[in-house]
Amino acid sequence: MPKIVNARVIITSPGRNFVTLKIECDDGTTGVGDATLNGRELAVASYLADHVVPCLIGRDAHRIEDVWQYLYKGAYWRRGPVTMTAIAAVDTALWDIKGKLAGLPVYQLLGGASREAVTVYCHANGTSIDDTIAAALEYQQQGFRAIRLQCGVPGMASTYGVSKDRYFYEPADGDLPSESVWNTSRYLRIVPELFKAAREALGWDVHLLHDIHHRLTPIEAGRLGKDLEPYRPFWLEDATPAENQEAFKLIRQHTSAPLAVGEIFNSIWDAKDLIQNQLIDYIRATVVHAGGITHLRRIAAFADLYQVRTGCHGATDLSPVCMAAALHFDLSVPNFGIQEYMRHTPETDAVFPHAYSIEGGMMHPGDEPGLGVDIDEELAKGYEYKPAFLPVNRLEDGTMYSW
Ligand code: CS2
Ligand code: MG
């Protein structure tokens, strides 16, 4: 049996902070797992180093499910983003090791390919509708078949999803949270105009997505969904905060616009009512924050019973290790919907050499044994961690709001 003899938490910041767990077996085989939780990285690093790694040494690396159950039930304080991100990192690294020892890419261990490649969506954004459409046209020419549209809101200095840099989006922008101001009615006016312009410019053979990012009440989301129906959105994401899963019933009563939710979910329990009551159409949970490949498979299998498809989160604050693991999962899962893709910077790609590739809006994890990704520890050493917080949002009267 491949015995775990070491596990190291590697914190590096090639343009943004990443936390990676590297597990080593007695035969020298290693595996990696993403443990990055944007804005709370050190909490997961400590959870792993202080409370998980000591429990791993000496265990059989093949016993992925037993280790998962040991860390989940053994925590006593179950679930939550920090715990489930730590468990995810261990789980992902063990799948990487199992693939390497079997000489197979992880998707083959998950039941083999269910499709030739993974359809991804990219992000077109701009301070104005024209800028956003120009970016979307560029992506359409590159062959992307699904494009997320996010544009600035007139009268607001900044808004979610509109990046300072045209190509690289990084929301964690300061050593203390920056504050942005929000105005719902201005937002509700501009998004239908954006989609109308997008359909006129891009036509109908491209999927158009939008991320509301938790900033509407259920009835406001119903209003926006109804306004966007003529433009056939592929999905409206995070339409309203999802702690109250029942809130989505109200949205469903008003619009047939497909709904996606779940990038901040960390276990099946966050999505159970949404899925079994068919209140959503896509589940956004992903490998790094929802307990790894092992738990994400459970969520997807449950979702499949209710015709809910996957739509894994894939922002730049999820490392190439998570992207690689997600692509192996995506290639195999029967009820695959779509995969988010935000390019990483060249310095990030250099720290995390990977086999996955992108061509014409489709990705493939590659056929290297395991996950086909690693961390270059020498390069990683050159990027010092620095605190970075996600922004906060206030209404114009100063009321704290969702960002
Ligand atoms: C966004 C993310 O990609 C998305 O759909 O919601 O960019 C999210 O804002 C970041 O991952 C937060 O760290
Ligand atoms: Mg989102």
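For ligands, and for the atoms within them, numbers begin at 1 and follow the listed sequence.
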Check the side chains of [Y] and [X] for a donor-acceptor pair under 3.5 angstrom, ignoring hydrogens and angles.
{"X": "Glu340", "Y": "His123", "result": "yes"}
{"X": "Trp182", "Y": "Thr184", "result": "yes"}
{"X": "Thr399", "Y": "Asp397", "result": "yes"}
{"X": "Asn183", "Y": "Ser185", "result": "yes"}
{"X": "Thr159", "Y": "Arg215", "result": "yes"}

(Q) Tell me whether the count of non-hydrogen atoms from other residues, nucleotides or ligands lying under 6.0 Å of CG in Asp205 goes above 12. (A) no
Q: Going by heavy-atom distance to atom 5 (O) of ligand 1, choose the closest among Met342, His123, Glu263, His289.
A: Glu263
Q) Between His313, His214, Arg16, which one has a non-hydrogen atom sitting closest to atom 2 (C) of ligand 1? A) His313
Residue and atom name of the nearest protein heavy atom (relative to [atom]), distance in Å to one decimal:
{"atom": "atom 9 (O) of ligand 1", "answer": "His213 NE2, 2.8 Å"}
{"atom": "atom 7 (O) of ligand 1", "answer": "Tyr160 OH, 3.3 Å"}
{"atom": "atom 10 (C) of ligand 1", "answer": "Asp317 OD1, 3.5 Å"}
{"atom": "atom 3 (O) of ligand 1", "answer": "Glu340 OE2, 2.5 Å"}
{"atom": "atom 13 (O) of ligand 1", "answer": "Asn38 ND2, 2.8 Å"}

Charged N-O contact under 4.0 Å between [X] and [Y]:
{"X": "Glu65", "Y": "Arg297", "answer": "no"}
{"X": "Lys22", "Y": "Asp96", "answer": "no"}
{"X": "Arg115", "Y": "Asp330", "answer": "no"}
{"X": "Lys381", "Y": "Glu377", "answer": "no"}

(Q) Can you tell me which portion of Glu170 lies within the under-4.0 Å heavy-atom range of ligand 1? Options are side chain, backbone, both, or neither. (A) neither
Q. Under 4.0 Å from ligand 1, counting heavy atoms only, is it the side chain of Tyr341, its backbone, both or neither?
A. neither
Q) Is there a nitrogen or oxygen of Asp211 sitting under 3.5 Å from a nitrogen or oxygen of ligand 1? A) yes
(Q) Any nitrogen or oxygen of Arg284 lying under 3.5 Å from a nitrogen or oxygen in ligand 1? Just yes or no. (A) yes
For N/O/S atoms only: which one belongs to [X] and is nearest the Mg ion (ligand 2)?
{"X": "Asp211", "result": "OD2"}
{"X": "Glu263", "result": "OE1"}
{"X": "Glu237", "result": "OE2"}

Q: Within a distance under 4.0 Å of any heavy atom of Trp403, pick out the atoms of ligand 1 and give their elements.
A: 9 (O)
